[in-house]
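Heads up, the thing below is written out as structure tokens.
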Amino acid sequence: MSTSPPLRITHIGGPTTLIEVGGWRLLTDPTFDPPGARYTFGWGTSSRKVTGPAVPAADLGEIHAVLLSHDHHGDNLDDTGRALLTNADTVLTTASGARRLGEHTRGLHPGQTTRLTHPERPTIEVTATPCRHGPPLSRPLVGDVIGFALRWTGQRHGALWITGDTVLTRRVRAAATRIPIGTVLLHLGGVRFPVSGPLRYSMTARQAAHLCAALRPHTAIPVHYEGWQHFQEPREAIERAFHDAPPAVRDSIRWLTPGEPTTVTA
């Protein structure tokens, strides 16, 4: 049986993480602007960034690929993050985002698979997973979003899944159950805006606990829950939701200290 290379994840802030495995350095949803600016998301929605990145863009080092769930919201790709895209060998994102971003960008539809290859590194198979970034029928307003399931030889517990910005839907759950999940990066925050009242645009803590009860990942890592005004459920809310979950689900949660590389059992 092949041995999986060590997996190391650094939470930089918001949805942004650095994933290191087998010599690969993968960056998710780059957000590196300083705090204070307000970003508009369309249709009267906006939010202010309140926390800067735990790792400055200048200290990142080499990035081989960017996994970009969507390019059109500033809390997933801000100005500094956008400038970083040209330094990466490959950018994986939505098909519509690839048309906007152009060169070195691979566009993926949900369910579509591509591979990251290099002669000196293990091949990583990347499958785009579906997202719905809001209530039913909201796609024309919020645009296309995808998540990413990463598989490489030797994984003991299953794929590494980055959910992307999504609420919990049957389609999201079904896609995840088709791919055994070992580690999941949960985009949480229960995003809401005053203009749309109680409607949610990302997973709530309770939804995440239900999802993990169905998938039973070895490790569940919350991201996308702090650093912006429109994130409505901080760490305390997530901890409460998982405290009431079955023991195996409760024990799967792994909190990362921003800026500190953490080894995760893959």
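These numbers come from the heavy atoms of this one structure, side chains and all, not from hydrogens, waters or symmetry mates.
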Next item on the list: Before accepting this row, confirm whether a basic side-chain N of the pair E20/R25 lies closer than 4.0 Å to the acidic partner's carboxylate O.
Entry: yes
Check: Between L85 and L60, is there a shared hydrophobic cluster once you connect ILVMFWY residues whose side-chain heavy atoms come closer than 4.5 Å?
Finding: yes
Notebook entry, point to check: Hey, what do you get for CD1 (I179) to OG1 (T129), rounding to the nearest 0.5 Å?
Noted result: 7.0 Å
Notebook entry, point to check: Pairs in or reaching into residues 167-178: which pass salt bridge (charged side-chain N to carboxylate O under 4.0 Å, His left out), with residues at least two apart or in two chains?
Noted result: none
Margin query: Would the distance check show the side chain of T10 and the main-chain N or O of T17 forming a donor-acceptor pair, the cut-off being under 3.5 Å?
Written below: no
Margin query: So, taking the atom named CH2 in W24 and the one named OG1 in T123, what distance separates them when rounded to the nearest 0.5 Å?
Written below: 7.5 Å
Next item on the list: Answer yes if the side chains of D165 and S202 hold a donor-acceptor pair under 3.5 Å, and no otherwise.
Entry: no
Check: Which pairs, with at least one residue in residues 237-261 and sequence neighbours excluded, count as a salt bridge (charged side-chain N to carboxylate O under 4.0 Å, His left out)?
Finding: R235-E239
Checklist line | Minimum side-chain heavy-atom gap W255-H11 below 4.5 Å | finding: no
Checklist line | Salt bridge present between D71 and R100 (N-O < 4.0 angstrom) | finding: yes
N/O donor to acceptor pairs below 3.5 angstrom from side-chain atoms of residues 115-122, sequence neighbours left out:
unit_1	atom_1	unit_2	atom_2	d
R115	NH2	E125	OE2	3.0
H118	ND1	E120	N	3.0
R121	NH2	H64	NE2	3.0

Check: At their closest point, which heavy atom of T80 faces which heavy atom of A57, and how far apart are they?
Finding: CG2-CB, 4.0 Å
Check: Going by atom types only, do T219 and S252 share a side-chain donor-acceptor pair under 3.5 Å?
Finding: no
Next item on the list: Verify, without hydrogens or angle tests, whether T94 (side chain) and G97 (backbone) share a donor-acceptor contact under 3.5 angstrom.
Entry: yes
Note to self: Under a 3.5 Å distance rule, please check whether T263 uses its side chain to pair with a backbone N or O of R8 as donor and acceptor.
What the structure shows: no
Note to self: I need the L186 CG to I162 CD1 distance, nearest 0.5 Å.
What the structure shows: 11.0 Å
Next item on the list: Starting from L137, walk the hydrophobic network (Ile, Leu, Val, Met, Phe, Trp, Tyr; side-chain heavy atoms closer than 4.5 Å) and list everyone else you reach, by chain and number.
Entry: none
Note to self: So, taking the atom named OG1 in T262 and the one named CD1 in I221, what distance separates them when rounded to the nearest 0.5 Å?
What the structure shows: 7.5 Å
Item checked: H70: ring pair (Phe, Tyr, Trp, His ring centres under 6.0 Å) partners, not counting sequence neighbours -> H72, H73, H133
Check: Going by atom types alone, do W161 and T183 pair a side-chain donor with an acceptor below 3.5 Å?
Finding: no
Margin query: Whether K49 and D75 form a salt bridge (side-chain N of Lys/Arg under 4.0 Å from carboxylate O of Asp/Glu) is what I want to check.
Written below: no
Note to self: For H187 and H224, take the angle between the two ring planes, folded into 0 to 90°, and tell me which bin it lands in: parallel under 30, tilted 30 to 60, perpendicular over 60.
What the structure shows: parallel
Check: When rounded to the nearest 0.5 angstrom, what distance separates CD1 in I12 from CG in D59?
Finding: 10.0 Å
Margin query: Listing request: all salt bridge (charged side-chain N to carboxylate O under 4.0 Å, His left out) pairs with a residue in residues 179-201, at least two apart in sequence or in separate chains.
Written below: none
Note to self: Quick check for you: to the nearest 0.5 Å, what is the distance between F32 atom CZ and R82 atom CZ?
What the structure shows: 14.5 Å
Margin query: When you compare the side chains of D78 and T31, does any donor N or O come within less than 3.5 Å of an acceptor on the partner?
Written below: no
Margin query: Tell me whether V264 shares a hydrophobic cluster with L185, the cluster being built from Ile, Leu, Val, Met, Phe, Trp, Tyr side chains joined at under 4.5 Å.
Written below: yes
Item checked: ILVMFWY network linking L101 to L67, side-chain heavy atoms under 4.5 angstrom -> no
Margin query: Does R151 form a side chain to side chain donor-acceptor pair (under 3.5 Å) with T127? I'd like the steps, not just the answer.
Written below: CA-CA 8 Å; R151 289 176 281 196; T127 299; 3.2 Å; yes
Check: Taking the side chain from H157 and the backbone from L160, do they hold a donor-acceptor pair closer than 3.5 Å?
Finding: no
Margin query: For a quick check under 3.5 Å, do R106 and T114 share a side-chain donor-acceptor pair by atom type?
Written below: yes
Next item on the list: Give a yes or no on whether the backbone of P15 and the side-chain of T28 come within a donor-acceptor separation of less than 3.5 Å.
Entry: yes
Checklist line | V21-V66 co-clustered via ILVMFWY side chain contacts under 4.5 Å | finding: no
Check: Got a donor-acceptor contact below 3.5 angstrom from the T16 side chain to the D29 backbone?
Finding: yes
Notebook entry, point to check: Is there a donor-acceptor pair closer than 3.5 Å between any side-chain N or O of E233 and the backbone N or O of A205?
Noted result: yes
Note to self: Before you tell me yes or no, could you show the steps for R38 and S46 under side chain to side chain donor-acceptor pair (under 3.5 Å), namely the whole-Å CA-CA distance, both residues' side-chain angles and the distance that decides it to 0.1 Å?
What the structure shows: CA-CA 7 Å; R38 178 167 290 276; S46 67; 3.1 Å; yes
Next item on the list: Verify the distance criterion only: is there a donor paired with an acceptor across the side chains of Y201 and T166 at less than 3.5 Å?
Entry: no
Check: If only atom types and distance count, is the side chain of Q207 paired as donor or acceptor with the main-chain N or O of V167 below 3.5 Å?
Finding: no
